[in-house]
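Only one structure is covered here, and it is reproduced in the block below.
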Amino acid sequence: MGPGAPRPSGRGVRRASPLPLTPLHGRMAAAEGRERGKAGVGAPHCPASKVVANMGDEDWDTEILKPHIPSFVPVFDKDTFSSGANGDAFNRASDSSEINDVPTRRDQFMRSGFPSGRSLGNRGTDASDQSSKRENLPTMGGFGPGKGFGNRGFSSNKFEEGDSSGFWRESNDYEDNQTRSRGFARRGGYQDGNDSEASGSSRRGGRGSFRGCRGGFGLTHNSESEREDGPQRPGGFFSSRRTGLVDPAGGYKGFNEEVVAGSGRNTWKSEAEGESGDFQGPKVTYIPPPPPENEEAIFAHYQTGINFDKYDTILVEVSGHDAPPAILTFEEADLCQTLNNNITKAGYTKLTPVQKYSIPIILAGRDLMACAQTGSGKTAAFLLPILAHMMRDGVTASRFKDQQEPECIIVAPTRELINQIFLEARKFSFGTCIRPVVIYGGTQLGHSIRQIMQGCNILCATPGRLMDIIGKEKIGLRQVRYLVLDEADRMLDMGFGPEMKKLISFPGMPSKDQRQTLMFSATFPEEIQRLAGEFLKTDYLFVAVGQVGGACSDVQQTVLQVGQYSKREKLVEILRNIGEERTMVFVETKKKADFIATFLCQEKISTTSIHGDREQREREQALGDFRCGKCPVLVATSVAARGLDIENVQHVINFDLPSTIDEYVHRIGRTGRCGNIGKAISFFDPEPDSHLAQPLVKVLSDAQQDVPAWLEEIAFSTYVPGFSGGTSRGNVFASVDTRKSYQGKSSMNIVGFSSAQAPNPVDDESWD
Ligand SMILES: Nc1ncnc2c1ncn2[C@@H]1O[C@H](COP(=O)(O)OP(=O)(O)OP(=O)(O)O)[C@@H](O)[C@H]1O
């Protein structure tokens, strides 16, 4: 960084942007910049000087107007910004209609008024403030302090009067909220869905039950984040944007796209209801552009890497009774001709291990929990056999209907991921009468409904939007034969678990014996596996490929000890060395994502960003700019940690380490995919990260990476409760089928072998 460059102080990292910046903030800031005659100020990464209600659907917290603490407001050159992250803001800033829109929206919030006795939106409290508040919270078991509704602070909620229930908003998918599940493994336990209903009611009814830790999934939230306030990391703050919602009248209340302030009584209203009803709240109007229809684009793919053949040597373990034998080739799967054509056009010539094992299991109608390393082809592993079954059994050709009854529902935790899965489904179902549809939050609900009404055999959805649509009876569940949970550990944790439970118990949903349930992830903590039992038939099969829960060995991992105040400098140094190679930089909070992206732009490093406070349109544009190389650096929160399959990501930098090792594994798995090699560099700051030292040492050594001596030292000097460093399976598998621990091996068939050999299962053969 040049000596003259404005450089925020280390403290600025925290203080620069007391509130998460949204595009609206960007617009406000831009508008103000214009007013002040400061052309160019006001890109999304630029803190707004006023914080206005966030209209994006991600943010379920209070909409507030709050004076802004003066902070680092960079002035940067328009040209250094990508259109996605920044350029748009410039464009929009000059669009008077957009600017004019801002006070209107703001006025809506102001007009709606805040019921007396409620404290609103303490979002701006800094971390220390928040943590001290948390310490004062009563804890009554459960998962940590409850989140106060409508409040980004924690303890100052006063939602005690029944009718003054919150001025809070709901997101339609709760995808980004990493803190919801953090620490689950450490705390253990899981709140039953019934409790979540109770909590849902109390949120709605505003009976004050969420003031402290009242159990449940604890809508604890350090709202600012994806994890805003570092200090919670080790303990894990359980948070959720919400648990499920149960209409007090008894019925299911769809998850709202927006929660708007009503007259006197703030009420849940879904977007559609808002459109037709009395409510004038902000609406999500974004309609994503349709994906390209031409065959070339549909089948566009990247090359498998030099290590693709190394997959053959990976150890695979299948456990459970009567597992069908693995297949070695696509031909053995005996899929229909159209599917085979599509597989060829997709450039798949050889099965990956997870495909070799999962495809026959699914074709045999078995339930499955599959753990395989990042980037190893799990998506096709479930899509192909499902499509094959649907083709074999015959699907009803799509026709326009008010309510559709899909045969398959696929859920994933983030919008971008579910969209990616949809594109894969569309690719493999090309030329068939099977119609996949994708719906996710942050987009116009009406658009989702229209998509569905045109016909839907495979519904790809984020949980919030799914439940909303089901609540509106646009989707009937009676025909569901396949339920797929991608990133299943995430889908079952306390962030999404309650919604998934509601889904499986929703009227009309076939019981687990009547449907096939499939779960896939690269990580599968034992507690979550146990919860999964509720979703799966008792005889489900468990497939573990290689270092499950471990990092992909095609990623070269480096851990550097870097203190908080040196991180930015180090980042710039690394990025300058990297040059134009595509790099994802992970940070822990949405605020910081804005801040670092802004900072990098200042440093003339073309950067864009993705996080939960950005509007969906901007998120998609950011991803597009990153994918096409327009912006070779993407600063992201953990919203981009899982599943995203972006060609040519050569580097992942953990500017901040995540709170859990599983998240680390997913993050670095954005590189080194499908046999390609990649590099991951992580900044380890001993103060907040020491709890990760032990698991990190294990992950590094399991993946045959160098373990720095200093890290080992920290690891050995740090006591992490419950961490044993190894597994019962001699470090071969980082995650195992938990049924083995309590059923005893004699009742399980355990098959271990290299995927190249693919022998038939043999009773009681195992790797230990
Ligand atoms: N058999 C195959 N041959 C060639 N390419 C494949 C094959 N299977 C999958 N791929 C490609 O490998 C890439 C990674 O696949 P996918 O996204 O399904 O991985 P994943 O295991 O789900 O990863 P993650 O754990 O990160 O979600 C994709 O681009 C996919 O098209």
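Order of appearance sets the numbers: ligands from 1, and atoms from 1 within every ligand. The basis for the numbers below is simple: all heavy atoms, side chains too, and nothing from hydrogens, waters or symmetry mates.
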Side chains of residues 381-388: which donor-acceptor pairs under 3.5 Å do they make with residues two or more places apart or in other chains?
none

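Of the protein's non-hydrogen atoms, the one nearest atom 12 (O) of ligand 1 is C674 SG, 3.0 Å. Closest to atom 14 (C) of ligand 1, if we only count protein heavy atoms, is D645 OD1, 3.5 Å. Distance from atom 1 (N) of ligand 1 to its nearest protein heavy atom, with residue and atom name: K350 O, 2.7 Å. Among all non-hydrogen protein atoms, the one lying nearest atom 26 (O) of ligand 1 is R673 NH1, 2.7 Å. For atom 18 (O) of ligand 1, the closest non-hydrogen atom on the protein side is T379 OG1, 2.7 Å. Looking only at protein heavy atoms, the nearest one to atom 4 (C) of ligand 1 is T304 CG2, 3.3 Å. Of the protein's non-hydrogen atoms, the one nearest atom 21 (O) of ligand 1 is K378 NZ, 2.8 Å. Looking at atom 30 (C) of ligand 1, its nearest protein heavy atom turns out to be Y348 OH, 3.1 Å.
Proximity of R670 to ligand 1 is established by a heavy-atom distance of less than 4.0 Å. Within the 4.0 Å heavy-atom cutoff, S376 counts among the residues contacting ligand 1. Proximity of F520 to ligand 1 is not established, as no heavy-atom distance is less than 4.0 Å. Residue contacts with ligand 1 include Q355, since one or more of its heavy atoms lies under 4.0 Å from the ligand.
Note that OG1 of T583 and CD1 of I578 are 4.0 Å apart. Values are rounded to the nearest 0.5 Å. The OG1 atom of T671 sits 9.0 Å away from atom CD1 of I677, with the distance rounded to the nearest 0.5 Å.
Side-chain rings of F428 and Y348 approach one another, their centers coming within less than 6.0 Å.
Under 4.0 Å from ligand 1, not a single heavy atom of H666 appears.
With sequence neighbours excluded, no residue satisfies salt bridge (charged side-chain N to carboxylate O under 4.0 Å, His left out) with K679.
In this structure, N341 places its CG atom where more than 12 heavy-atom neighbours from other residues, nucleotides or ligands lie under 6.0 Å away.
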